[in-house]
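A short write-up of the structure that comes next.
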Amino acid sequence: MIFSSIEFLLLFLPVFLIIYRLFPDKMKNGVLLIGSLIFYALGEIGYLVLLMVSVLINYFLGLHLERPPRQKGKRNQQKIKHYNRKRRVIFTAAVAMNVGVLVLFKTVMDGSTLPLGISFYTFQILSYLTDVYRGEQTRERSFIRFATYITMFPKLVSGPITGYGQVREQLHKRKFGLDGLQAGLKTFTVGLAAKVLLADRLGLLWREVQVTGFESISTPLAWLAAIAYSMKIYFDFYGYSLMAVGLGRMLGFELPENFRLPYMAGSVREFYRRWHITLGNWFCKYIYIPLGGSRKGELRTVMNLLAVWALTAVWHGSTVNFLIWGLLLWLLIVFERQLEALGAGKILGIGPMRAIPHLYLWAVIPVTWVCFAVTDPYQLPIYLGRMLGVTEGIRVSAGDWLRALETYWYLFGVGALACTPVLHKLYRRWKDSVVVTLLLVALFWLCVWRLQVEGNNPFMYFRIY
């Protein structure tokens, strides 16, 4: 089951919210846990047991990872030393087990049977275990609260990746009321519209190009389709993240922001600080900083970045195109770091020169997304060759890009506007007005009508993760 489906919108969600409202606060975690397991089972019942076993094992492992309190005395110090050795062994085994299961499904089993959401809930488990082991969080003694944290359906299958410290207090006590329900529903509707009315519609152009064949498209059409895919993946995942945040708000949770206008960035490095923020923060906290971050010289920093982007690529998929995508982004970020060291930032911050970083970003990001999208290693150079005009076309239809533009121009226009702060500022200012409320009601039912007529289109990240 996915958020952008008739079954979820008109059946599961309203029924669950009614039941959730009827139970007292002290029982809401249990209701949310049961509802989340039902949600997961309706989407992929075959791996429900794997999810439940993973939650159970990691709950018990986490109970043995908490740092002991400081004590004086030689005898106590010996006990603490022995306990810490035991903790280290348990933590190492726990990390190896969780990572091993994830790697097994992503590589050995070729990703074709990848359990729904395994990458996301595994990273959340690893963050919890690591934080408890480091002493940044105390262990959670309640199995219900721990299981609810891992399986909470708003973030279970595609994030946002949420640290336990971000929701711990809300799992113990939270407010469920009409204000949160209304605010959450509005945020959810904006995300639903981004997914159904923008991402799904823009994705049609990319699908048409695939059917036509990469050899038979003109260079302008190759760029248009790449831009369409860039917008599709943004509004698809951004839309999902907004829906997740909205659902969390309805239930009394404040889930973390996952996107911050990435296409307004002026560099690839800044782009990925704004894109999938929770994943970037996870890699920074648990991989980049432990490796030394940027504290041990430029060469070490570059190698640390390589490690992060190689792991990011593997996390997204096991095919070679993801590795190409990750390495290309690493090269671009290293290139930007060298330009910055030479003082290019000062020059590009003067007058009209300020536009150059944005033009650079809008030129390179569609190229990187093509590397992400085209999984066939033989077709990828063909598409890139058509974009750059260095690969000869076969039976290319003259004016194909004009016909595409005539069909999709309004979607490109709305999509481009939605990538800027304009609509965000207008929404924040007027979201509580009657006009915006009525507009959101209309958008919600327009999305329902679209889904009824055309059927639901699964989120792209469901298929990847």
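Heads up: numbering here begins at 1 and tracks the sequence.
Between R274 and E257, none of the side-chain N atoms (NZ, or NE/NH1/NH2) sits under 4.0 Å from a carboxylate O, so this pair counts as no salt bridge. Here E454 pairs with R201 in a salt bridge; the nearest charged N to carboxylate O distance falls below 4.0 Å. Using a 4.0 Å cut-off between charged side-chain N and carboxylate O, E169 and R174 make no salt bridge. A salt bridge does not link K173 to D25: none of the charged side-chain nitrogens sits closer than 4.0 Å to a carboxylate oxygen.
In this pair, Y263 and F271 present their aromatic rings perpendicular. The plane angle is above 60°, beyond the 30 to 60° band. Aromatic ring pairs are classed by plane angle as parallel below 30°, tilted from 30° to 60° and perpendicular above 60°; the pair F259 and W275 is perpendicular. Using the six-membered ring where Trp is involved, F3 and F8 have ring planes that are tilted, between 30° and 60° apart.
Using a 4.5 Å heavy-atom threshold, the side chains of T122 and V101 count as separate. A 4.5 Å side-chain heavy-atom check between L171 and F253 finds at least one atom pair inside the cut-off. For the pair V99 and L126, the minimum side-chain heavy-atom distance is below 4.5 Å. You'll find the side chain of L328 stays beyond 4.5 Å of the side chain of W325, heavy atoms only. Between S127 and Y164, the closest side-chain pair of non-hydrogen atoms is not below 4.5 Å.
In terms of heavy-atom proximity, L197 sits nearest to R450 at CD2-CG, 4.0 Å. Of all heavy-atom pairs spanning L423 and A418, the tightest one is CD1-CA, 3.8 Å. Taking every heavy atom of both residues into account, L451 and S4 meet most closely at CD2-O, 3.4 Å. Heavy atoms only, all atoms of each residue included: L384 and C371 are closest at CD1-SG, 4.2 Å. Looking at every heavy atom in both residues, P290 comes nearest to C284 through CD-O, 4.1 Å.
Separating the CE atom in M97 from the CG atom in L102 is a distance of 11.5 Å, to the nearest 0.5 Å. A distance of 11.0 Å separates NZ of K79 from NE2 of H82, quoted to the nearest 0.5 Å. For the atom pair R249 CZ and L251 CG, the distance stands at 11.5 Å (nearest 0.5 Å).
With hydrogens and angles disregarded, no donor-acceptor distance shorter than 3.5 Å links the side chain of E298 to the backbone of S294. Under a 3.5 Å cut-off, the side chain of W206 and the backbone N or O of A228 do not form any donor-acceptor pair. A distance-only check finds no donor-acceptor pair linking the side chain of T92 to the backbone of I90 [under 3.5 Å]. In this structure, S54 contributes its side chain and L51 its backbone to no donor-acceptor pair below 3.5 Å. Y238 places no side-chain N or O within donor-acceptor distance of the main-chain N or O of R260, the cut-off being under 3.5 Å. At distances below 3.5 Å, not a single donor-acceptor pair connects side-chain atoms of N98 with backbone N or O atoms of I125. With hydrogens and angles disregarded, no donor-acceptor distance shorter than 3.5 Å links the side chain of E270 to the backbone of A265. Of the possible polar contacts, none joining the E7 side chain to the M1 backbone as a donor-acceptor pair under 3.5 Å is found. Listed for the K195 side chain is no donor-acceptor partner under 3.5 Å among the backbone atoms of Y240. No side-chain donor-acceptor contact under 3.5 Å links S318 to the backbone of V314.
Sparse packing is recorded around CE of M52, with 12 or fewer heavy atoms of other residues, nucleotides or ligands lying under 6.0 Å away. Open room surrounds CZ on F23; 12 or fewer heavy atoms of other groups in view lie less than 6.0 Å from it. Within 6.0 Å of atom OH in Y83, more than 12 heavy atoms from other residues, nucleotides or ligands are found, so the atom counts as buried in its surroundings. Within a 6.0 Å sphere centred on CG of L331, heavy atoms belonging to other residues, nucleotides or ligands number more than 12. In the displayed structure, Q338 atom CD is contacted under 6.0 Å by more than 12 heavy atoms of other residues, nucleotides or ligands.
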Checklist entry - How far apart are the C-alpha atoms of F60 and F146, what are their side-chain angles, what is the distance that settles it, and do they pass the ring-ring contact (aromatic ring centres under 6.0 Å, His included) test? => result CA-CA 10 Å; F60 284 109; F146 175 77; 9.8 Å; no
Next on the checklist: Please evaluate residues Y47 and F105 with respect to the criterion ring-ring contact (aromatic ring centres under 6.0 Å, His included), reporting the C-alpha separation (whole Å), side-chain torsions for both, the decisive distance (0.1 Å), and the verdict.
Outcome noted: CA-CA 12 Å; Y47 287 112; F105 281 102; 5.6 Å; yes
Item to check | Worked check of ring-ring contact (aromatic ring centres under 6.0 Å, His included) between Y272 and W309 | outcome: CA-CA 11 Å; Y272 279 98; W309 279 105; 5.1 Å; yes
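Counted by atom type alone, Y149 and E140 present zero donor-acceptor pairs between their side chains at under 3.5 Å. Y286 and D131 form a side-chain donor-acceptor contact under 3.5 Å, judged by distance and modelled atom types alone. A donor and an acceptor atom, one from each side chain of N258 and T278, are located under 3.5 Å apart. Side-chain N/O atoms of E66 and Q137 include no donor and acceptor closer than 3.5 Å. For the residue pair R145/H172, the side-chain donor-acceptor check at 3.5 Å is satisfied. R295 and T301 are not linked by any side-chain donor-acceptor pair at a separation below 3.5 angstrom, with hydrogens and angles left out of the test.
By the 6.0 Å and 45° rule, R21 does not stack over the aromatic ring of F176. A cation-pi arrangement is not found for K155 relative to F120, the charged atom failing to lie both closer than 6.0 Å to the ring centre and inside a 45° cone about the ring normal.
A ring-ring contact (aromatic ring centres under 6.0 Å, His included) with H316 is found for one member of F372, F237, W369, F283 and no other, namely F372.
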